[in-house]
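Report on one structure; see the data block that follows.
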Amino acid sequence: MTVEPYRRVLAIPGVRALLLVGLVARIPVTATGLTLTLHVLNNLKLGFFQAGLVGAAATVGTAVGAPVAGRFMDRHGLRPIVAVTTVAQFAFWVSAPFLPYALLLAGAVLGGVLSLPVFGLIRQCMAAAVPPEQRRTGYALDSMIVEVAYMIGPALAVAFATTFGSGWSMSAVGVGMVGSGVAMLVLNPPTRAKGDEALGAVVPRRQWLTPALLSLLGLTFAATFVLIATELSLVAVLTADDAARWTGLAIGLWCFWSIVGGFVYGALPRGFSPLVMIGAMAALTVPVGLIGSWQLLCVAMIPAGILCAPALSTTIDTLSQWVPAVARGEAMGLHGTALTLGLAVSGPITGHIIDTYGTRWSFAFAGLAGLFFVTVAIPFWRRIPPPAGATVPEPAAA
């Protein structure tokens, strides 16, 4: 393994600035869920059910808004959608501390629909900046940055809420959103590479939204489902062992191994099919619940943890190859919707498994669910015709 692939990607003009903005812009986004939860619990003095409803409302809104924002970006470019969503996020987060619960619930839906499209936008711009043969390395870098953002954002949300109160924490998220939007407006990275179709060109959806692509979105959903189920199961084990104070450390170590895996994967001479990566991650998750103490559990989670970032990055890389540039924004939005739905669906189902059968079965259920989606996707993993305006390679063999 060598760092040369990363050096070549970082030497491409604009990539370093894009990754830096991507890191800074994602931190307030990753803090939103926990910030809303703490506000409902601490300021509004309501229960976890009401807090969960607000989180679910924001999640549903984000799932709906991501492909719409991507399609708008394909038609009109980056700046209009970033400007609109930045203003919308500022308005929501500054007013949210003063809203009664019912209006906060409605505002969370609207705020989700008009959420700043940071994740899909950065990935779309990465596809425009990096040549196809280097995108796997570029997306591996991006996945590592996402892990870092998820390590920083929630921690800052807790620190702000406990030090200054959740009202100030929500205002801080709003300021962070504005700063992120302004940074993207100033940077204004291209969403199309030279030689791609002109802005506003249209390719019929039926030419690129194929059964194979839908199966890829299903795999993306499965990857997030497994990851969230694993995280909840880990928290449940630590709570049962009276070691909840070590939760941050345990999850941080899990994220660290994911970053290590992403770094190794991006430096490999060739990539692997999402079927292989997600299937392997799911299979390695199945037996983890058999481990006794939480300390040994953290060790047993290393193999599956190493595959987290590579599994997600390979879905993005494959999608960028299969979809023409004129539809890449909408496709990245659909990818974000699949990620969001996996997160939203996994939580309550895994919670029910933990409450009813225990954590041994919750780990096994998470892995078996992932393997089920991989099995369903295999028949659709075949050669697909190149969409108009793009050359689409054959999917990698599982």
Side-chain angles (χ1 to χ4, degrees), residues 27-65 88-116 149-178 228-229 231-252 340-341 343-356 359 362:
I27 289 174
V29 175
T30 59
T32 57
L34 193 53
T35 300
L36 286 171
T37 298
L38 293 174
H39 175 70
V40 174
L41 294 175
N42 298 333
N43 275 32
L44 299 183
K45 306 299 181 183
L46 298 174
F48 281 95
F49 176 73
Q50 289 87 347
L53 279 181
V54 173
T59 299
V60 170
T62 302
V64 172
Q89 290 303 297
F90 178 75
F92 170 70
W93 287 102
V94 170
S95 62
F98 310 101
L99 297 177
Y101 179 75
L103 290 180
L104 180 65
L105 191 64
V109 177
L110 184 59
V113 172
L114 295 174
S115 59
L116 200 63
Y150 271 105
M151 294 171 72
I152 297 174
L156 286 179
V158 174
F160 263 88
T162 54
T163 305
F164 305 105
S166 57
W168 284 105
S169 179
M170 299 176 87
S171 299
V173 170
V175 172
M177 292 289 191
V178 171
I228 296 303
E231 180 180 359
L232 291 176
S233 300
L234 175 60
V235 172
V237 169
L238 288 163
T239 302
D241 287 357
D242 196 24
R245 63 187 181 278
W246 299 108
T247 300
L249 174 62
I251 294 178
T340 303
L341 291 178
L343 182 152
V345 172
S346 180
I349 294 178
T350 304
H352 174 72
I353 297 294
I354 292 171
D355 291 338
T356 307
T359 53
S362 64

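For the numbers below, each heavy atom of this structure counts, side chains included, while hydrogens, waters and symmetry mates do not. Every value quoted in this text rests on a predicted model; they were computed, and no experiment measured them.
Rounded to the nearest 0.5 Å, atoms CD (Glu231) and CD1 (Ile228) are 5.0 Å apart.
Put simply, the side chain of Met177 reaches to within 4.5 Å of the side chain of Val29, judged on heavy atoms. Using a 4.5 Å heavy-atom cutoff, the side chains of Ser233 and Thr350 are in contact. For the pair Val178 and Gln89, the minimum side-chain heavy-atom distance is 4.5 Å or more. In this structure the side chain of Leu36 reaches within 4.5 angstrom of the side chain of Trp93, judged on heavy atoms.
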Table please: side-chain donor-acceptor pairs of residues 103-115 below 3.5 Å, with sequence neighbours left out.
unit_1, atom_1, unit_2, atom_2, d
Ser115, OG, Gly112, O, 2.9

Check: residues 54-61 side-chain donor-acceptor pairs under 3.5 Å, at least two apart:
unit_1, atom_1, unit_2, atom_2, d
Thr59, OG1, Gly55, O, 2.8

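Counting non-hydrogen atoms of other residues, nucleotides and ligands closer than 6.0 Å to CG of Asp355 gives a total above 12.
For Ser169 (side chain) and Gly165 (main-chain N/O), no donor-acceptor pair under 3.5 Å exists by modelled atom type. Distance alone, capped at 3.5 Å, is enough to place a donor-acceptor pair between the Ser171 side chain and the Gly167 backbone. Side-chain N or O atoms of Tyr101 include none that pairs as donor or acceptor with a backbone N or O of Leu46 at under 3.5 Å. The backbone N or O of Ala149 lies less than 3.5 Å from a partner atom in the side chain of Thr30, making a donor-acceptor pair. Ser346 contributes no side-chain N or O that, together with a main-chain N or O of Leu343, makes up a donor-acceptor pair within less than 3.5 Å. Side chain of Thr163 to backbone of Phe160: no donor-acceptor contact under 3.5 angstrom is found.
The shortest heavy-atom contact between Met170 and Pro97 is CB-CG, 3.9 Å. Looking at every heavy atom in both residues, Pro348 comes nearest to Val345 through CD-O, 3.5 Å.
For the side-chain contact (heavy atoms from CB on, under 4.5 Å) test, residues two or more places apart in sequence or in another chain that qualify with Val94 are Phe90.
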